[in-house]
Colleague: 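Could you have a look at this structure, given as structure tokens, before my questions?
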Amino acid sequence: MEDGRQLNTWEGYVNWRNRPVMRDQHGGMIAASFVLVVEILENLAFLANASNLVLYLSKFMHYSPSSSANIVTNFMGTAFLLALLGGFLSDAFFTTYRLYLTSAAIEFVGLLILTVQAHMPSLKPPVCAFTSTEIPCEKANGHKETMLFIGLYLVALGVGGIKGSLPPHGAEQFDDTTPQGRKQRSSFFNYFVFCLSCGGLIAVTFVIWIEDNKGWKWGFGVATVAILTSIPVFLLGSPIYRTKIPAGSPITTMFKVLFAAVYNNCKSKNPNNEVIGMETTTSPSTDSIETGKEESDAQVKVPSQTLTEDLKFLNKAIAEKPVSPMLQCTVKEVEEVKVVLRIIPVFMCTIMLNCCLAQLSTFSVQQAATMNTKIGSLKVPPASLPVFPIIFVMIIAPTYNHVIVPFARKVTKTEMGITHLQRIGTGLILSIVAMAMAALVEIKRKKVAVESGLLDSAEPLPITFLWIALQYLFLGSADLFTLAGMMEFFFTEAPTSMRSLATSLSWASLSMGYYFSSVLISIVKNVTSIVRHTTWLAGSNLNHYHLERFYWLMCVLSGLNFFHYLFWANRYKYRT
């Protein structure tokens, strides 16, 4: 009876009370569904402010357009980069369950601070008119600026912890040893992006309408209530969650293997420092040693304990006589480090796409603000532009999951149908098209400004903002293909001990894209001011920017990045 109970338990997982979890009682799609609902609320809270923040900083905190864009990209970049910290803590010390609850509380405090600042005029710069371009408005400084940044970066810290713990927590609810479990997990990642879009849809319509018509104090207030509500919703799933037991720092293992490999390669000519070849393994953790079975039998039954030929320099990390017991490495550890090193180039190739996505919350919003934002008698806030790609994602995500993937599985006769790397590559191509489209639309917008004599005016241009929706549509599609593909790719390919950290690479790519956008804007401003004495991206009037040249530059960089991606994708061998 006891043996049957042990077979029915999830090895390496516990419930919220740190007790063993049962296969027929914990995990599955119902448990993951709570995560999906929580993601709607979490992304509502985050995107409601991020998509419109550039206008709040310029209109109410009186920063210049380029400064506002940099503050937003730095804020969002930090939030997504901190997902790496969240993923690391989930793998090494805390469960994803506890880390989510802690991170949500931190984000709640940050949003509360921003809500209070937006509510009290004494905590903001004095109101001023934008009719005069010669007399600049007083921007936020001193304690007002300090309060703004404390609130923003507490939100960033909370968002980072949530992004690093929530997706792997949902993905952990499925049994990856069965085809059914793997298919359900793939569906989970598709619907995770779908729920991201659901939260975003509410954010860029309802919440932004509140910010523009009722005031930012109410907009921040809705976001604060949303993140607070997500906590009890998450807790409702506690009885059926299964959570991976933290296995210690995966970073320590990686550095140990790398250092041992470098040291042993340098000493390889020394006969006293022989390394183990492909035919032997001395991992003390193998079942063959514990049961006394022959090593050859263990190799047949446990293929993961055999060194592979790729990245052969790491094989020398395994030495018969290591210089220190601390540098004793197992075959499993070496192979896991190889997996991580193989996925890093793929990760690096996605950064440029996310640099393009950064423009959707900065320059694209500012472009739309100069145009006619009316659809009939309805006036649409510029920050609600993301509604177009969001609705498209909400349509295409279920279609992809229930129509395209099953069809691809029948055609290719494979479990995946469409590989992760093919999805990512499709997103990269769409980002190139989006940047070309953005450049052409900006040329048209400026031409209208010149022809209508409104180049130096703050009046809306006689051109509909729906032109900007084209770049949103292509970049939104790129985001759908790439983000879901990256999350599943990193989670599936990574070693079990570092799945949360690996999944966080998806958000880290977003982060580095936002940071690279800030760096690229600064470089373009400096170089163009030296070469032409007139910068492309400076001043308070967007009509005097050469934004179309900046978009063409990003189009070219995205094209070069795609060829770089093809180089690595064609050489990648899936672990499973």
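Everything quoted here is computed from the prediction, not taken from an experiment. The first residue of the sequence shown is numbered 1, and numbering continues consecutively from there. As a basis for the values below, the full set of heavy atoms in this structure was taken, side chains included, without hydrogen atoms, waters or symmetry mates.
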Colleague: For the OG atom of S230 and the OH atom of Y100, what is their distance to the nearest 0.5 Å?
Modeller: 2.5 Å

Colleague: Apply side-chain contact (heavy atoms from CB on, under 4.5 Å) to residues D175 and R185 and explain how you reach the verdict.
Modeller: CA-CA 8 Å; D175 184 3; R185 186 180 61 196; over 6 Å; no

Colleague: Report, as yes or no, whether the 6.0 Å neighbourhood of atom CH2 on W218 holds more than 12 heavy atoms from other residues, nucleotides or ligands.
Modeller: no

Colleague: Shortest non-hydrogen contact from G427 to L353?
Modeller: O-CD1, 3.2 Å

Colleague: With side chains defined as the heavy atoms from C-beta onward, is the minimum distance between L236 and V37 less than 4.5 Å?
Modeller: no

Colleague: Under 3.5 Å, is there a donor-acceptor pair between the side chain of S517 and the main chain of G513?
Modeller: no

Colleague: When you look at F481 and Q422, which way does the side-chain contact (heavy atoms from CB on, under 4.5 Å) test go after all the steps?
Modeller: CA-CA 9 Å; F481 280 95; Q422 287 171 345; over 6 Å; no

Colleague: Set out, in order, the CA-CA distance, both residues' side-chain angles and the distance that settles side-chain contact (heavy atoms from CB on, under 4.5 Å) for V35 and L166, then state yes or no.
Modeller: CA-CA 7 Å; V35 172; L166 196 59; 3.7 Å; yes

Colleague: Over all heavy atoms of both residues, which pair between A484 and F189 is shortest? Give the atoms and the distance, please.
Modeller: CB-O, 4.2 Å

Colleague: Kindly indicate, with the supporting measurements, whether the criterion side-chain hydrogen bond (donor to acceptor under 3.5 Å, both in side chains) is fulfilled by T78 and Y515.
Modeller: CA-CA 8 Å; T78 301; Y515 280 133; 2.5 Å; yes

Colleague: Which of parallel (below 30°), tilted (30 to 60°) and perpendicular (above 60°) describes Y153 and F75?
Modeller: perpendicular

Colleague: Counting C-beta onward and ignoring hydrogens, is there a side-chain heavy-atom pair between S506 and F491 closer than 4.5 Å?
Modeller: no

Colleague: Which pair of heavy atoms, one from G221 and one from T115, lies closest together, and at what distance?
Modeller: N-OG1, 3.7 Å

Colleague: What are the two closest non-hydrogen atoms of P167 and F188, and how far apart are they?
Modeller: O-CE2, 3.5 Å

Colleague: Check whether any side-chain heavy atom of L440 lies under 4.5 Å from a side-chain heavy atom of L470, and answer yes or no.
Modeller: no

Colleague: Would F34 and I240 count as a side-chain contact (heavy atoms from CB on, under 4.5 Å) if you check the C-alpha gap in whole Å, the side-chain angles of each, and the deciding distance to 0.1 Å?
Modeller: CA-CA 10 Å; F34 286 98; I240 59 174; 3.9 Å; yes

Colleague: Answer whether the closest heavy-atom distance between the side chains of Y565 and V346 falls below 4.5 Å.
Modeller: yes

Colleague: More than 12 foreign heavy atoms under 6.0 Å from CE of M348: is that the case here?
Modeller: no

Colleague: Is T503 reaching over with its side chain to a backbone N or O of R499, donor-acceptor style, under 3.5 angstrom?
Modeller: yes

Colleague: Within the structure provided, determine whether I231 and L235 are in side-chain contact (heavy-atom separation under 4.5 Å).
Modeller: yes

Colleague: Side chain of W507, backbone of K163: donor and acceptor closer than 3.5 Å?
Modeller: yes

Colleague: Salt bridge (charged side-chain N to carboxylate O under 4.0 Å, His left out) with E442: which residues, sequence neighbours excluded?
Modeller: R445

Colleague: First locate atom CZ of R98, then atom OG1 of T96, and finally report the distance between them rounded to the nearest 0.5 Å.
Modeller: 11.0 Å

Colleague: Taking N372 for the side chain and P462 for the main chain, is one N or O donor matched with an acceptor at less than 3.5 Å?
Modeller: no

Colleague: Rounded to the nearest 0.5 Å, what separation is found between the CZ atom of F46 and the CG atom of L41?
Modeller: 15.5 Å

Colleague: Can you give each donor-acceptor pair under 3.5 Å made by side-chain atoms of residues 389-398, sequence neighbours left out, with the distance rounded to 0.1 Å?
Modeller:
none

Colleague: Got M554 and L520 here, is their nearest side-chain heavy-atom distance under 4.5 Å?
Modeller: yes

Colleague: As an exercise, state the distance from CE of M352 to CE of M512, rounded to the nearest 0.5 Å.
Modeller: 15.0 Å

Colleague: Closest heavy-atom contact between E488 and T492?
Modeller: O-OG1, 2.7 Å

Colleague: What distance do L44 atom CG and E39 atom CD have between them, rounded to the nearest 0.5 Å?
Modeller: 10.5 Å

Colleague: Might you point out which heavy atoms bring I463 and W467 nearest each other, and give the distance in Å?
Modeller: CG1-CD1, 3.6 Å

Colleague: If you define the side chain from C-beta out and look only at heavy atoms, does anything of S90 sit under 4.5 Å from T95?
Modeller: no

Colleague: Below 4.5 Å, heavy atoms only, C-beta onward: do I30 and Q173 meet side chain to side chain?
Modeller: no

Colleague: Rounded to the nearest 0.5 Å, how far apart are CG of L510 and CG of L483?
Modeller: 6.5 Å

Colleague: Evaluate whether atom CZ of F149 has more than 12 neighbouring non-hydrogen atoms of other residues, nucleotides or ligands under 6.0 angstrom away.
Modeller: yes

Colleague: Between H169 and F234, is the ring centroid distance below 6.0 Å?
Modeller: yes

Colleague: Using a 3.5 Å distance criterion without hydrogens, assess whether the side chain of S187 forms a donor-acceptor pair with backbone atoms of K183.
Modeller: yes

Colleague: Please list all pairs passing the salt bridge (Lys or Arg N to Asp or Glu O under 4.0 Å) test where one or both residues lie in residues 79-92, with sequence neighbours left out.
Modeller: D91-K244

Colleague: Tell me if the centroids of the rings in Y191 and F194 come within less than 6.0 Å of each other.
Modeller: yes

